Structures are given as structure tokens and as C-alpha cells.
Amino acid sequence: MPTAVHVRELTADDLADAWELGRFAFGSDPQRPPHATEAVPGLTRYGAFDDAGRLVGKAVDLHHDQWWSGRAVPAADVGGVAVAPEARGRGVARAMLSALLRGAHERGAAISALYPTVVAPYRACGWEVAGVLRVVNLPTVSLPRHRPDPRFTIRAGTPADLPAVAALYERVTRHRNGPLSRRGQLFDFFAAGGGLPGDGLTLVEDAGDLVGYASWERGRGYGADSVLTVDEALASTAEAARELVGVLGSWASVAPTLRLCPLDGDAVSAHLPLESAREHERNLWMHRPVDVARAVSARGWPTHVRGTVDFALDDDLADWNTGTWRLTVADGAAELTRISGEADLRLTVRGFALLYTGAAHARSVAQAGLLRHSTGTDPAALDLLGAGGPAQLLDYF
């Protein structure tokens, strides 16, 4: 196997080979979707080639935005990373991710998330586990039932309702940390078909305004093993959530199991009997900064938080992040500025990811060896970087 690896953006002529590489890596359906070998706006495909010009690895930069406390932060979310079996363990993935980060930095991305099939290679490149996307099963009969409130209209949605659904999604998620904005060329491309996102869409309206929705897949059969899969259920008020949960509970006679991904602490989850939930699937997600200064300045911050802390940062893969920084937070905004000299707190890029996403406190990050500090310095000063609460993703990519 040649030792040299050459990474570049894939061209149209490379896409068939890239699809085959991904199909074997992930065990995908051999039926190739149309977009696999055509240009797709809102993403950048990278490939790694050996000296003979053979494609030995691929990765995709998804041009997403993530909501962080009311602001859409440009992200380079990573998907479809695959390496040919003959080339594994030879630095191919690291070379691709290094090129992907550099390209993402050049186009203005600030942060990055991914779902790993294995954690260690991504940790070696600066990503760190920041959360879990959980899918749970609930006994449908356990959902609370109630008499429908006549002030609400419950109806089936149509493709014409999708803009209102997108607007409600944004109202529910934009003040949180982590959810995708679902804006931009990539989402527009896949929404161009105009169909419903699943088998059905149930809407809750109050005086003509959409206040809740659930998109769902009916599945097969109506026996003891029948499952209603709820792709998404969101509501903007407690009353709307109660109506929505009541409709979902009405499936109990033909779909004994309800499968969904709960959004922590939202209106719908507050009405679910989560003590009866059993985990069906869990997917770890990881995070890292693409550009630490942008990651800090682009997001929203709690208006009640104020403070300043100096720290040094090490980032082997994105050297533009390495250096000594001063974090200043005030009045709902923050900035990182480079300063000279050393700092008593020294953070790895993985530690930065844990703090930025609210996945850990600074003392825990220090105990994990991802934050070093001089004797007598309290590492908790860097909890300032994690102000705003833990992050959560709702989309798998």
C-alpha cells in the first residue's frame, strides 16, 4: 500500500466510486439514490486517493447551521466518512478530516458535529462526545388521554402546511443549543420534492395558528408488535402538547408501541410518561470547534452571564485555533481575543468542545486530563465557556 494520501474535493467523475465505497462500508442498499452521483448544493465531498489514483476514503462536509441561544451558527457537520478496508489504520481519515476542517474554515464555518461509528479516531482529531440522540419506545396505552378541547382544531396536514411546520420547529428550537436550523441550500434541495416527511402529519391549530404537530410512520400490522414511529412531535404551548399527546394515545388499539425521540424539557416531553420509556436506539454525537473565535462570537449567550477568563488552547489539526485567548462574556454576547504570554489554564480542543456544549463542568474536564491548570488556580473559571446549558441534537446525519 503506498504511504502517500492525496485529499481533494470529489468531482462528478468520482461520485460513483464514492457511492460504492460508502455502500460497502455501511452496508447500504445497493440501489443508488439519484443524488448520490449528482451535484448537491450545500455540501462539500472530499476524497482521499492513493498514489495510483484509487479512491481509498471519502467524507462529506454538510453546510448546516446550528441554533445556539437564538443565533444560527454556521457549522461543518460531518457525514459519510468511509475508508477502504485495505487503507484503514494508515491515517486516511485524519488526512480527510484535516482537509475538511481547513476547507470549512475557509468558507466561514464555526463549529462541527458528527455521529461516530467508532469514537477513538475522531477524538484523535479533536472531536469529543457531547451528547446522545435517544429513540425510546413507550406503551401507547400509557399516554394520557383527555377529551379534546373545542378551541383547538386537529387535522391532517398537507404539503401546503410544511412552511408553517418549519416555522413552528424554529420557534421551539431556536432558543436552545445544538438543533439544526434546517435552513439553507441543503435542506431546500431535499425539500424540493414537496411531499410530506412521513406517512402522516397531524396538526394542532389555535384560531388558525399552528401550535403543535407530529409527523409519523404507520408501520405494518396492528398486532402486539405494531409500532407507530413518530419522526417528530413538537408544540409551542402546554395545551397544544396535551392535545397532540392525546391524538398519539388514540393509536393504542392498533399500535401498542409508540417510538419517538424526546426533546429534553419541551412541552411534549412534559406530557409523556417517560418513566415507562425503554431505550430503542442511541447514537452518540461529537462536537468540536472549527474556528474557536467564530464559535464564541457567532452564538448567543445568557444575558445574565458576565465575566472574563484567559486560557491557552492546543489544536493539532486546526492550528489557527492554537494560542492564548481571552474570553469576555457580557450582555448576551461574547468574544475571544488573542493575547500574548501564557495562561494558568490550558485547554485541549476536546475540552473546549465539552465546555462549549455544556456537556461537562471545567473541574470534570480537568479530571479527564483535557484541561491543565497551575497549582492554586481554580479550573471552574472556565465554566464561563459553557454558560447556556447543555446542547441537544434532533437530526441524525
Side-chain angles (χ1 to χ4, degrees), residues 29 115 132-149 152-162 164-169 171-173 179-180 182 190-191 193-206 210-283 285 392-397:
D29 189 327
Y115 288 92
V132 179
L133 180 67
R134 295 183 304 118
V135 178
V136 301
N137 288 340
L138 278 168
T140 313
V141 71
S142 70
L143 269 62
R145 302 288 297 277
H146 77 290
R147 188 178 300 278
D149 188 330
F152 292 105
T153 298
I154 312 294
R155 66 175 178 89
T158 70
D161 296 305
L162 294 180
V165 168
L168 179 56
Y169 167 84
R171 289 202 302 275
V172 172
T173 59
L180 303 189
R182 299 183 184 170
F190 285 106
L196 291 176
D199 291 335
L201 177 65
T202 298
L203 306 182
V204 181
E205 294 176 326
D206 184 358
L210 184 66
V211 289
Y213 70 88
S215 58
W216 44 267
E217 305 276 352
R218 171 62 184 91
R220 296 178 63 86
Y222 55 90
D225 59 349
S226 180
V227 177
L228 181 74
T229 299
V230 178
D231 298 316
E232 193 160 89
L234 297 176
S236 57
T237 68
E239 295 78 13
R242 188 179 298 114
E243 295 292 315
L244 199 58
V245 170
V247 174
L248 296 176
S250 72
W251 285 90
S253 63
V254 292
T257 299
L258 183 74
R259 183 169 294 158
L260 80 165
C261 176
L263 179 60
D264 294 341
D266 80 317
V268 173
S269 291
H271 288 82
L272 295 176
L274 293 175
E275 73 280 2
S276 301
R278 297 294 180 266
E279 192 169 85
H280 170 71
E281 187 178 40
R282 65 195 309 268
N283 289 288
W285 58 270
Q392 183 178 8
L393 292 182
L394 273 180
D395 294 271
Y396 184 83
F397 45 82

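Keep in mind it's a predicted model, so treat the numbers as computed, not measured.
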Can you see whether R278 engages N137 through a side-chain donor-acceptor pair at a distance of less than 3.5 angstrom?
no
Applying side chain to side chain donor-acceptor pair (under 3.5 Å) to S269 and not counting sequence neighbours gives D266
Tell me, do W251 and L143 make a side-chain contact under 4.5 Å, heavy atoms counted?
no
What do the steps show when you test V135 against R259 for side chain to side chain contact (heavy atoms under 4.5 Å, CB included), and what is the final call?
CA-CA 7 Å; V135 178; R259 183 169 294 158; 3.5 Å; yes
Consider only side-chain N and O atoms of Y213 and E232, and report whether a donor and an acceptor are under 3.5 Å apart.
yes
Heavy atoms, side chains only, cut-off 4.5 Å: are P256 and P139 in contact?
no
T158: partners by side chain to side chain donor-acceptor pair (under 3.5 Å), with sequence neighbours left out
D161
Residues two or more places apart in sequence or in another chain: which of them pass salt bridge (Lys or Arg N to Asp or Glu O under 4.0 Å) with D225?
none
Do other residues, nucleotides or ligands put more than 12 heavy atoms under 6.0 Å from R134 CZ?
no
Residues in salt bridge (Lys or Arg N to Asp or Glu O under 4.0 Å) contact with E275, at least two apart in sequence or another chain:
none
Side-chain donor-acceptor pairs under 3.5 Å in residues 194-206, sequence neighbours left out?
unit_1, atom_1, unit_2, atom_2, d
D199, OD2, R218, N, 2.8
T202, OG1, W216, NE1, 3.1
E205, OE1, R155, NE, 3.2
E205, OE2, R155, NE, 3.3
E205, OE2, R155, NH2, 2.9

Relative to the ring of Y115, is the ring of F397 parallel (under 30°), tilted (30 to 60°) or perpendicular (over 60°)?
perpendicular
With side chain to side chain contact (heavy atoms under 4.5 Å, CB included) as the test, would you mind laying out the steps for V230 and L258 before giving the verdict?
CA-CA 7 Å; V230 178; L258 183 74; 3.4 Å; yes
Would you compute the distance between atom SG of C261 and atom OH of Y396 and round it to the nearest 0.5 angstrom?
12.5 Å
T229 OG1 to L260 CG distance, which is reported to the nearest 0.5 Å
9.5 Å
Under 3.5 Å, which donor-acceptor pairs link side chains of residues 239-249 to any protein atom two or more places apart or in another chain?
unit_1, atom_1, unit_2, atom_2, d
E243, OE2, H146, NE2, 2.8
E243, OE2, D149, N, 3.1

Closest non-hydrogen atom pair between P179 and T173, with its separation
CB-CB, 4.0 Å
Evaluate the side-chain proximity of S226 to R220: yes if any heavy-atom separation is below 4.5 Å, no if none is.
no
Indicate yes or no: at least one non-hydrogen side-chain atom of P262 is less than 4.5 angstrom from one of V136.
yes
Return the CG to CH2 distance between D395 and W285, rounded to the nearest 0.5 Å.
12.0 Å
Beyond-backbone contact of R282 with L133, side-chain heavy atoms, under 4.5 angstrom:
no
Gap separating the CG atom of L394 from the CG atom of D264, nearest 0.5 angstrom
9.0 Å
Would you check if V268 and L263 make a side-chain contact, meaning some heavy-atom pair closer than 4.5 Å?
no
Around atom CZ of F190, are there more than 12 heavy atoms from other residues, nucleotides or ligands closer than 6.0 Å?
yes
